[in-house]
Amino acid sequence: MSRVPEAAGAKGSAARPAYTRAGVDVAGGERAVALMREAVESTRRPEVVGSIGGFAGAVAVPAGYRDPLIVSSTDGVGTKVAIAAQLGRWDSVGIDLVAMCADDVVCSGAEPLAFLDYIAMGRIDPEDVATLVGGVAAGCRMAGCALVGGETAEHPGLMEARTFDLAGTCIGIVERADLLDGTTAEAGDAIIGLPSSGLHSNGYTLVRAVLAQFSIPLERPYQEQLVLTLGEGERDVAIESEPELALATVGEALLTPTRIYARDVLRVRAALRAAGHDLVGVAHVTGGGLPGNVPRALPANLGARLDPSRWWTPSAISLVGALGAIEGPELLATFNGGLGMVLVVRPSAIDVVLRELPDARLVGEVVAAADLGGRYSEASLQLGGA
């Protein structure tokens, strides 16, 4: 299992004073690997072969597959890492990284099996690296995949000290006959949404620009900022709906980790199939928002009509929209709108999903694109269910 820092001593442990003078902390890289070992091992699955320190990670195909497909997705966290670096908060963005990749994989019906990460830093601090990888490991445990490898690169002269970037790849597996490929939905099918935990990991360049424009400090109490921008009424609603943010600062609220839906999706699919139903489409709502992602779970001749009154929009989205005077299509296309994952099922399967996932909401329906005038629209709908 590869987990050796670029230019670190584990790739040649002899002292290299010239490299150290150039800005690469060889010993620090080695210590980072030692500190992260326990976190990496905590994600281990029975299929994992080998341990930390090899050139590559090996994973066996789980038992029971007859015609397996390997499904993979690569992504990053984007400029959310800039807020984490500014606050010196290294523990949560690894969860975001896993979410962005594993929840793409599960849209194909695949079970996340293995994960690999890449961390680039201006200057390696062993404790910071270990904390970052600890966050990745926490995300892997949530998604059910093993952290089988990674790379930590030190980039002096290219990146400032205590700045970093993250990227990752998730590898999943699915039986060919169980692949979800966006071709089986029909007009009249139901669209069910799972709530997001906040901004997730999209739109942070805009978020940071708005904060800078109004000189909003990350240390300001989040509830105070809600009152200043949205008023006390919206603040009170937010406290009721987001009690975990009652004592948070602006920065802490913006670093709320992306929800990981992989286990929920796999569990609800199992329940559906046990009841004689199945998922017919799954969409992970990331960049492009609901208009850019829900249609990806549908055939090209179909579109989605959603009723936004049927779910709640996180206060962070409303806050950024109000500060930046952003509304309508641009706000919809920049953020997740309050739904992080969307499931498409036959109408007869609605009750199974809502029973299995208590926070799920029936939010819309599949409609012929020709009747819709496009592939996505919002309107008030008469729908059954929660």
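No experiment lies behind these values; they were computed from the predicted model shown.
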Q) Between Glu151 and Asp117, is there a donor-acceptor pair closer than 3.5 Å when you use the side chain of the first and the backbone of the second? A) no
Q | Polar side chain donor-acceptor pair, Ser196 to Asn336, under 3.5 angstrom | A | yes
Q: Kindly indicate, with the supporting measurements, whether the criterion salt bridge (Lys or Arg N to Asp or Glu O under 4.0 Å) is fulfilled by Arg259 and Asp103.
A: CA-CA 9 Å; Arg259 177 175 169 178; Asp103 283 341; over 6 Å; no
Q) Do any N or O atoms from the side chain of Trp311 and from the backbone of Leu194 form a donor-acceptor pair under 3.5 angstrom? A) no
Q.
For Val280, is there any backbone N or O sitting under 3.5 Å from a side-chain donor or acceptor partner on Thr184?
A. yes
Q.
Test of understanding: with salt bridge (charged side-chain N to carboxylate O under 4.0 Å, His left out), list the residues that count as partners of Asp128, not counting sequence neighbours.
A. Arg162
Q) With sequence neighbours excluded, what pairs up with Arg263 under the salt bridge (charged side-chain N to carboxylate O under 4.0 Å, His left out) test? A) none
Q: Check whether any side-chain heavy atom of Leu339 lies under 4.5 Å from a side-chain heavy atom of Val294, and answer yes or no.
A: no
Q.
My understanding is that only residues two or more places apart in sequence, or in another chain, count here; which of them pass salt bridge (charged side-chain N to carboxylate O under 4.0 Å, His left out) with Glu234?
A. none
Q: Give the other cluster members for Leu158, using side-chain heavy-atom distances under 4.5 Å between Ile, Leu, Val, Met, Phe, Trp and Tyr residues; answer none if it is isolated.
A: Met159
Q | Flag, side chain of Thr334 to backbone of Leu331, donor-acceptor distance under 3.5 Å | A | no
Q: State, without any angle test, whether Ser318 and Thr313 hold a side-chain donor-acceptor pair at a distance under 3.5 Å.
A: no
Q: Look at atom CD of Glu38 and say whether more than 12 heavy atoms of other residues, nucleotides or ligands are closer to it than 6.0 Å.
A: no
Q: May I ask you to decide if Leu254's main-chain N or O and Tyr222's side chain share a donor-acceptor pair within less than 3.5 Å?
A: no
Q) So which pairs with a foot in residues 70-89 pass salt bridge (Lys or Arg N to Asp or Glu O under 4.0 Å), sequence neighbours left out? A) Lys80-Asp96, Arg89-Asp91
(Q) Looking at Thr256 and Ala253, would you say the former's side chain and the latter's main chain have a donor-acceptor pair under 3.5 Å? (A) yes
(Q) According to salt bridge (Lys or Arg N to Asp or Glu O under 4.0 Å), does anything in residues 45-57 pair up with another residue at least two apart or in another chain? List the pairs. (A) Arg45-Glu47, Arg45-Glu111
Q: Using ring pair (Phe, Tyr, Trp, His ring centres under 6.0 Å) as the criterion, list what pairs up with Trp90, not counting sequence neighbours.
A: Phe164
Q | Heavy-atom neighbours of Glu244 CD exceed 12 at 6.0 Å | A | yes
Q | Those residues that, when tested against Leu116, pass side chain to side chain contact (heavy atoms under 4.5 Å, CB included) (two or more places apart) | A | Val148, Ile171
(Q) Enumerate the salt bridge (Lys or Arg N to Asp or Glu O under 4.0 Å) contacts for residues 290-307, please, sequence neighbours excluded, ordered by first and then second residue. (A) Arg305-Glu365
Q. Which salt bridge (Lys or Arg N to Asp or Glu O under 4.0 Å) pairs, counting each pair once, include a residue from residues 182-193, with sequence neighbours left out?
A. Glu186-Arg346, Asp189-Arg346
Quick one: side chains of residues 207-220, donor-acceptor pairs under 3.5 Å with protein atoms, not counting sequence neighbours, listed by atom name and distance.
unit_1	atom_1	unit_2	atom_2	d
Arg220	NH1	Gln225	OE1	2.6

Q) Does Asp278 have any salt bridge (charged side-chain N to carboxylate O under 4.0 Å, His left out) partners at least two apart in sequence or in another chain, and if so, which? A) Arg269, Arg273
Q) Where the side chain of Asn293 meets the backbone of Gly289, is there a donor-acceptor pair that is under 3.5 Å apart? A) yes
